[in-house]
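Presented below is the structure to which this report refers.
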Amino acid sequence: MTAHTTNTLTITTPEGIMFPMILAGPVTRFAAWIIDWMCIMALLSFIGPIIGLLGMISPDFSSAVYGLIYFFLSFAYSILTEGFWNGQTLGKRLLHLRVMDIQGLHLSLSQVVIRNLLRAIDGLPALYMVGGISCVITPYSQRTGDLAANTIVVRSPRLNRPELTRILSGKFNSFKAFPHLCARLRQKVSPDLANLVLDARLRRNTLESAARIQVFHQLADHFKSLVLFPETATLGLSDEQYMRNILEILFNDDKTLSQKKTP
Amino acid sequence: MILDLNKFITQGRVIWSELEDILVRIEQDPDLKLDMEQLERFHYLYQRTCADLARLADFSARQEIRTYLESLVARSFSLIHKPLRSPENFKIFTWFFSGFPSTFRKHMTAFWISAAILMAGTLFGASAIALDSQAKPALMPFSHLMQDPAQRVAKEEAAQKDKIAGKKSSFASYLISNNTRVAFFALSLGITWGVGTVLVVFSNGVYLGATIADYILAGQTRFLLGWLLPHGSIELPAIILAAQAGFILAGALIGPVRNKTRQRALSLKYRLRNISSDLFTLMGGVCLMLIWAGFIEAFLSQYHEPAISYTTKILFGTTQLMVLFIFLFFSGRTKPESDKGRQIP
């Protein structure tokens, strides 16, 4: 387990797989707390009149119940929601945050309780100043409750399933007529360079026309210096079309498929 | 090397989607129970996704795909690696009668440190009042304790009507909230390597010592015992136990501690992991004790002679203290024979 940048924590599983977790910063966490605080207030204002009805029987009992519920909610809201919602309160859920064990393991109830009991310190002197300062100065953005409970708060945005077929297929590729050049290209191009081309292709719509022409012109020039395809294959191709063909050769190796299709 | 990305995605997408669907189902319904077949499938999908992520380490690939797979692995990892003691195994009676006192006994050093600091504070407060009775305003921040004890006793005993009539429940609620907050502070301040916990316990000892000395010097020992023992016999031990939890936390932070079996120093992370369930257990017990003490203080401690005799109250408080002592020191003890039977040959 290492923190390779200031805002990620890398976990290594027993299988030897490494994955980073994006740590939530103090500002996002404070925003989540504001939402949670508003939830508690809303809940109290909803329960208040109902408890007030007990006042018809005994005002003393009604006031005692309200006092205890207020105290209970201020501590138990986070414990219950984080305990039963896999480390998320409503505020954290809305902002895609999650409390996790520092080793990426499942959060235990005792960890949830400890981190929330220590809010008594983190909330001092007001507006979670101790907790906020602790988040800023600790390597994994932990407030004191997190330090004691061995927990971290991570950002877990919902990610889209990868989809590249739209970009990589369906167009005639004149370069494929020269398999030896394609093989040489794959040999010469580094993974980073290949990624750069794919990035340029995926972001083409975000570029202005002049910038797009310039980017693809520079890329095409560079690739022409690596492997030069004959003029019959490149005739009439714009720089962008040239790079699309290159991209398909790099990432969409259908050689094996075409071999399988051959009887 | 450059990965055939299209083929990689086409082949992997079915597995990833199925895993993501299971994850979403579990995350939306934490009580969801998977049967053995579903669990095996979940584990298989996790391993396949791990393998795909491992393949990406050797190949060039889109950052989005890597991030997506990492997110799937991270989410699955935390669900697969659950703690052995899950909440489903939690039995409240076993926890209260066995887990709580056993945990208390497991950390006796922290308990004795906590009790010693309270005692030191009490002695300091009592000595200060005995030497300088004018120190009361500085040592006791409670206005109702400022008056002369003899006058207060005379006033309480002469009272014709119940001064907290109609407020008893809300008074109990206030006491429970306030004392529980103090207990949480005593625990939480353990994070300051125990310095804060020492201050909380010592200052509470000073208030207690000053009050005790004030009443004893005024010749009101019976009243004092009748007033403090019914709720104090639970409330004070509860605060000591909360401070014990604070010192356990401080001990884990200070470390290093030698693991008796492996004879090697445990890292801070493991030391904290080892104590988290103990802190939870202790604080759970402390909360229950403070709820009981709050009700006793509101409904019994505030009534004095002639409404209720001091002897009865002192007897009640003493009995309660003895029961608490027996409970904490002997409840949930297992016989050595049964332990021997469990040993692996």
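Protein chains get the first letters and strands the later ones, always in sequence-line order, with residue 1 at the start of each.
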Report the C-alpha separation of A/V112 and B/F280 in whole Å, then their side-chain angles, then the decisive distance to 0.1 Å, and conclude whether the side chain to side chain contact (heavy atoms under 4.5 Å, CB included) test is met.
CA-CA 9 Å; A/V112 172; B/F280 167 63; over 6 Å; no
Using non-hydrogen atoms only, which part of B/L189 is less than 4.5 Å away from chain A: side chain, backbone, both, or neither?
both
Cut-off 4.5 Å, heavy atoms of chain B, and the answer for A/L124 is side chain
Less than 4.5 Å apart, side chain to side chain, heavy atoms only: is that true for A/D60 and B/K168?
yes
Among A/G104, A/S62, A/S63, single out the residue with the greatest number of heavy-atom pairs under 4.5 Å to chain B.
A/G104
Of the backbone (N, CA, C, O) and the side chain (C-beta and beyond), which part of A/L118 lies under 4.5 Å from a heavy atom of chain B, both, or neither?
both
Ignoring hydrogens, what is the shortest heavy-atom contact between A/M100 and B/A74? Give both atom names and the distance.
CE-O, 4.4 Å
Does the side chain to side chain contact (heavy atoms under 4.5 Å, CB included) test come out yes or no for B/F77 and A/L105, once each step is laid out?
CA-CA 7 Å; B/F77 182 72; A/L105 306 175; 3.9 Å; yes
In terms of heavy-atom pairs under 4.5 Å with chain A, which of B/C50, B/S170, B/S276 leads?
B/S170
Could you tell me which portion of A/A149 (side chain, backbone, both or neither) has an atom closer than 4.5 angstrom to a non-hydrogen atom of chain B?
neither
One option among A/T144, A/N150, A/V113 has the most heavy-atom pairs under 4.5 Å with chain B, and it is A/N150
Which of residues 288-300 of chain B have a heavy atom under 4.5 Å from any heavy atom of chain A?
none
Euclidean distance, A/R155 CZ relative to B/S71 OG, rounded to 0.5 Å:
12.5 Å
To the nearest 0.5 Å, what is the distance between CD on A/Q111 and OG on B/S277?
10.0 Å
Interatomic spacing from CD1 in A/I114 to CG in B/L187 - rounded to 0.5 Å
6.0 Å
At a 4.5 Å cut-off on heavy atoms, which part of A/R93 comes close to chain B: side chain, backbone, both, or neither?
side chain
Given that the side chain runs from C-beta out, which part of B/I191 has a heavy atom under 4.5 Å from chain A: side chain, backbone, both or neither?
side chain
Between B/R273 and A/Q103, is a side chain to side chain contact (heavy atoms under 4.5 Å, CB included) present by the stated rule, with each step listed?
CA-CA 11 Å; B/R273 189 180 298 287; A/Q103 289 180 300; 2.7 Å; yes
Holding to salt bridge (charged side-chain N to carboxylate O under 4.0 Å, His left out), I want the full list of residues that pass it with A/D122, two or more places apart in sequence or in another chain.
A/R143
Contact part of A/L117 toward chain B, heavy-atom cut-off under 4.5 Å: side chain, backbone, both or neither?
both
Where along residues 69-82 of chain A does a heavy atom come under 4.5 Å of chain B, listed by residue number?
A/F71, A/F75
For chain A, find its close neighbours in residues 172-180 of chain B: heavy-atom separation under 4.5 Å, sorted by number, or none.
B/S173, B/I176, B/S177, B/T180
Atom CG of A/L53 with >12 non-hydrogen neighbours under 6.0 angstrom
yes
Engaged part of B/L279 at the chain A interface, taking heavy atoms whose separation is under 4.5 Å:
both
Value rounded to 0.5 Å, distance of OG1 in B/T192 from CD1 in A/I121:
7.0 Å
